[in-house]
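Only heavy atoms go into these numbers, but all of them, side chains included; no hydrogens, no water, no symmetry mates. We count residues from 1, following the sequence as given.
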Amino acid sequence: MKAVLIATIGTRDLMFQISSGTWYNIGDDRMQNGEIIGEQAEVISDLQLHNITFRDLTKYLLDKITIYQERIKPVIIGKLLSEKAADIETVYLIATDQKLKVRERQKDTLYAAELIKAWIVNQFTHINVEIITLGQDGTNPSNFEQMFYWWRRTWREKITIQVDQPIWLCLKGGVGQASEASRISGLSFYGDRIQFFEFQQNTPANQAGIPSDYSGPFLGFSKEEAKLFFPSLRRFSRKGSIQGLG
């Protein structure tokens, strides 16, 4: 049976090929003395844009997808998808889309996920792709407790997994608390049915248009091991048992 792949999407999940032919990370916005010195600066300059947020930059690229589609690739999960596409049935991309009043909204990954979806659909017509967004209900992606409950609802209500279907989790992208909540809540639901992939950045290869290397899949903990190794889950329990198990 083909797998379901769930990937959290962060600001550094995409690369863009500038006019010189070099590929740069769209979300690498490292700053120095108030100026962007990360690779994002090369992308913004090549597009002749100014003072644009990550959210707006990815929205701009999505609006012009017919022009730029061949110059955009998923830098983290791209190689995994290319090499394992025949073994994947559905991909769920988890992205942020927060309320207007939230400062971190400027780094939301909704449109980055849409760009990755467009790449997958263009490359692999047999793979179903769904985007699940978080934040409009006020859930804070950096709050582990809120994210644990959000993930518990999401596993139950939005992610469809058949009996005995492999579950692959890619947690490189996104806020650490959101990814950790995904890992722990997923293990508490599915135990060692869940398998994980790890990714290793390779800047020279990435700049040549080659997505990052990966390793895996690796088995996770069983349900009982999740209880043993993650005692923090007790705060979400009733009468000593972890909610959502089984």
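- At most 12 non-hydrogen atoms from other residues, nucleotides or ligands lie less than 6.0 angstrom from CD of Gln200.
- Note: Ile6 CD1 to Leu169 CG = 5.5 Å, rounded to the nearest 0.5 Å.
- Between the OG1 atom in Thr90 and the CH2 atom in Trp168 there is a gap of 12.5 Å [rounded to 0.5 Å].
- The side-chain heavy atoms of Leu61 and Ile72, taken from C-beta on, include a pair separated by under 4.5 Å.
- A salt bridge is absent between Asp137 and Lys99; no separation between the charged side-chain nitrogens and carboxylate oxygens falls under 4.0 Å.
- No side-chain donor-acceptor contact under 3.5 Å links Glu89 to the backbone of Lys2.
- A search for ring-ring contact (aromatic ring centres under 6.0 Å, His included) contacts involving Tyr60 returns nothing, not counting sequence neighbours.
- Rounded to the nearest 0.5 Å, atoms CE (Met1) and CG (Asp87) are 13.0 Å apart.
- Ile210 and Leu80 fall into different hydrophobic clusters, where Ile, Leu, Val, Met, Phe, Trp and Tyr side chains are chained together by heavy-atom contacts under 4.5 Å.
- Shown here is Lys107, whose NZ atom has no more than 12 heavy atoms of other residues, nucleotides or ligands within 6.0 Å.
- Trp119 and Phe124 have perpendicular rings, their planes meeting at more than 60° on a 0 to 90° scale where under 30° would count as parallel.
- Between atom CZ of residue Arg183 and atom OG1 of residue Thr8 there is a gap of 12.0 Å, rounded to the nearest 0.5 Å.
- Here the side chain of Asp108 pairs no donor or acceptor atom with the backbone of Leu110 at under 3.5 angstrom.
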I would like to know whether Gln40 and Asp28 meet side-chain hydrogen bond (donor to acceptor under 3.5 Å, both in side chains); could you show each step before the answer? CA-CA 5 Å; Gln40 186 186 83; Asp28 177 9; over 6 Å; no
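- The side chain to side chain contact (heavy atoms under 4.5 Å, CB included) test with Glu198 is passed by exactly one of Ser215, Pro217, Cys170: Ser215.
- Panel note: side chain Thr109, backbone Ala112; no donor-acceptor pair is recorded below 3.5 Å.
- Exactly one residue among Glu39, Met15, Gln207, Gln17 makes a side chain to side chain contact (heavy atoms under 4.5 Å, CB included) with Thr22. That residue is Gln207.
- Within the 4.5 Å cutoff, no side-chain heavy atoms of Phe218 are placed close to those of Gln195.
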Evaluate side-chain hydrogen bond (donor to acceptor under 3.5 Å, both in side chains) for Gln162 paired with Thr160, printing each intermediate quantity in order. CA-CA 7 Å; Gln162 300 177 41; Thr160 301; over 6 Å; no
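- Side-chain atoms of Ser19 and Asp46 form a donor-acceptor pair, as typed in the model, at a separation below 3.5 Å.
- Heavy-atom neighbours of His50 NE2 from other residues, nucleotides or ligands within 6.0 Å: at or below the threshold of 12.
- In this structure a side-chain-to-backbone donor-acceptor pair under 3.5 Å is missing from Ser45 to Glu42.
- Taking the six-membered ring where tryptophan is involved, the planes of Trp155 and Phe189 are tilted, since the angle between them lies from 30° to 60°.
- Residues Pro211 and Ile76 have side chains not in contact (no heavy-atom distance under 4.5 Å, counting atoms from C-beta outward).
- Gln136 places a side-chain N or O within 3.5 Å of a backbone atom of Gln98 that can act as its donor or acceptor partner.
- Side chain of Asp13 to backbone of Pro74: no donor-acceptor contact under 3.5 angstrom is found.
- Annotation: the span from Lys84 atom NZ to Tyr214 atom OH amounts to 4.5 Å, rounded to 0.5 Å.
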